[in-house]
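Have a look at the structure below before the remarks.
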Amino acid sequence: MATALIFLWLAAFPLMGSPGPATLSLAGLGAAYGMRRGIPYLIGIIIGTFTVLLMIASGVTALILAEPALVQILVVLAATYILYLAWKIATAPVITTPKADARVPSLPGGFLLAIANPKAFAAIGAVYSGHALPIGSVAGEAAVKIAALTAVIITVNTVWLAAGSALSRVLGDPKLGRAANIAFAVMLILSVAAALLGG
C-alpha cells in the first residue's frame with residue numbers, strides 16, 4: 001500500500017498545488033498583508049477544500065453537478081467574491097506601510113472561494129478517482145485517501161501563503177510592492193477565467 005500512497009501523493013501535489021484561484025489568492029494575500037494576517041483566510045481555504053474533498057468522496061458532487069441552477073449560483077458567487085478579493089489584493093497597502101485597520105479577507109471568504117473553486121473539484125476529483133489503494137474495504141480506502149489528500153491540502157496552501165509572505169519582504173519598495181499586488185490580482189482573475197473556461 002505504501003507504493004500506491006506515494007503515487008497518489010506524486011499526482012496530488014502538482015495537481016492540487018499548481019496555480020489556481022485558491023493558491024494564487026493565498027500568495028497574493030501573503031504578499032499584500034503578510035503571513036500572520038493571512039492565517040484566518042488560509043484556514044478558510046483549508047476547511048473549504050477539505051469540504052470539497054468530502055463532497056467528492058461521498059458522491060455529493062455528482063448531485064450538485066446534476067442541478068444546473070445550483071452550479072450557476074455557485075459560479076456567480078465565486079466569481080463575485082474573486083473579483084472582490086482581486087480588488088482587495090490590488091489595493092492593499094504595501095507591506096512596509098500596513099494599515100492596522102485594513103480589512104483582510106477572512107476565514108468565511110477563504111471557505112467560500114474554496115468550495116466554489118472549479119479547479120479544486122477538477123484536481124481533487126481526478127486524483128481521488130484516478131488512484132486505487134489496495135485496501136480491503138471501500139470505507140477504509142476512502143478514509144486513507146481523505147487523510148492523505150488532507151495532508152496535501154494543508155501543505156500546498158500553507159506553502160503558497162508563506163511564499164507570498166516571503167516575497168513581500170523582497171518587495172519592500174512601494175512601487176515594486178504595488179506592482180506585485182496588482183500582478184497577483186490580475187493572475188487571480190486570469191486563473192479563475194482559465195478554470196471556468198476549461199471546465
Side-chain angles (χ1 to χ4, degrees), residues 1-27 29 38-79 81-82 85 105-163 191-192 194-199:
M1 185 181 93
T3 303
L5 198 54
I6 289 168
F7 280 120
L8 176 75
W9 277 326
L10 286 174
F13 273 103
L15 268 176
M16 295 167 62
S18 61
T23 52
L24 285 174
S25 69
L26 282 161
L29 213 66
I39 286 176
Y41 182 80
L42 168 66
I43 292 169
I45 290 282
I46 289 170
I47 294 170
T49 309
F50 178 73
T51 302
V52 170
L53 171 58
L54 292 181
M55 291 168 67
I56 289 169
S58 66
V60 171
T61 305
L63 296 175
I64 292 172
L65 293 176
E67 185 52 60
L70 184 56
V71 172
Q72 288 303 314
I73 290 169
L74 285 173
V75 167
V76 169
L77 284 174
Y81 182 73
I82 287 164
L85 183 60
S106 61
L107 190 151
F111 179 82
L112 173 64
L113 187 142
I115 63 167
N117 178 4
K119 178 187 175 272
F121 283 93
I124 294 171
V127 173
Y128 189 90
S129 62
H131 291 80
L133 299 178
I135 297 173
S137 70
V138 173
E141 180 181 7
V144 172
K145 281 184 179 180
I146 289 169
L149 294 179
T150 298
V152 175
I153 290 167
I154 293 168
T155 303
V156 298
N157 288 300
T158 303
V159 166
W160 274 93
L161 178 62
S191 75
V192 172
L196 292 175
L197 293 174

Side-chain heavy-atom pair Ile154, Phe50 within 4.5 angstrom cut-off: no
Pairwise distance CG(Leu24) to CG(Leu29) - rounded to 0.5 angstrom: 12.0 Å
Closest heavy-atom pair and its distance - Met16, Thr23: O-CG2, 4.2 Å
Val52 versus Ile115, closest heavy-atom pair with distance: CG2-CA, 3.8 Å
Thr155 side, atom OG1; Ile46 side, atom CD1 - distance, nearest 0.5 Å: 8.5 Å
Polar side-chain atom of Ser25 near backbone of Ala22 as donor-acceptor pair, under 3.5 Å: yes
Leu5 versus Ala148, closest heavy-atom pair with distance: CD1-CB, 3.7 Å
pair Leu53-Thr49: side-chain heavy atoms closer than 4.5 Å: no
Shortest non-hydrogen separation from Ser137 to Gly140 and the atoms involved: OG-N, 2.9 Å
4.5 Å side-chain heavy-atom contact, Trp160 and Pro19: yes
Minimum-distance pair of heavy atoms, taken over all atoms of Ala4 and Ala132: CB-O, 4.0 Å
His131 backbone acceptor or donor facing Lys145 side chain under 3.5 Å: yes
Nearest-0.5 Å distance, OG1 of residue Thr158 to CD1 of residue Ile153: 11.0 Å
Ile45 side, atom CD1; Asn117 side, atom CG - distance, nearest 0.5 Å: 7.5 Å
Leu113 versus Pro21, closest heavy-atom pair with distance: CD2-C, 4.0 Å
Student check: side-chain heavy atoms of Tyr41 and Leu161 closer than 4.5 Å: no
Flag, side chain of Glu141 to backbone of Ile135, donor-acceptor distance under 3.5 Å: no
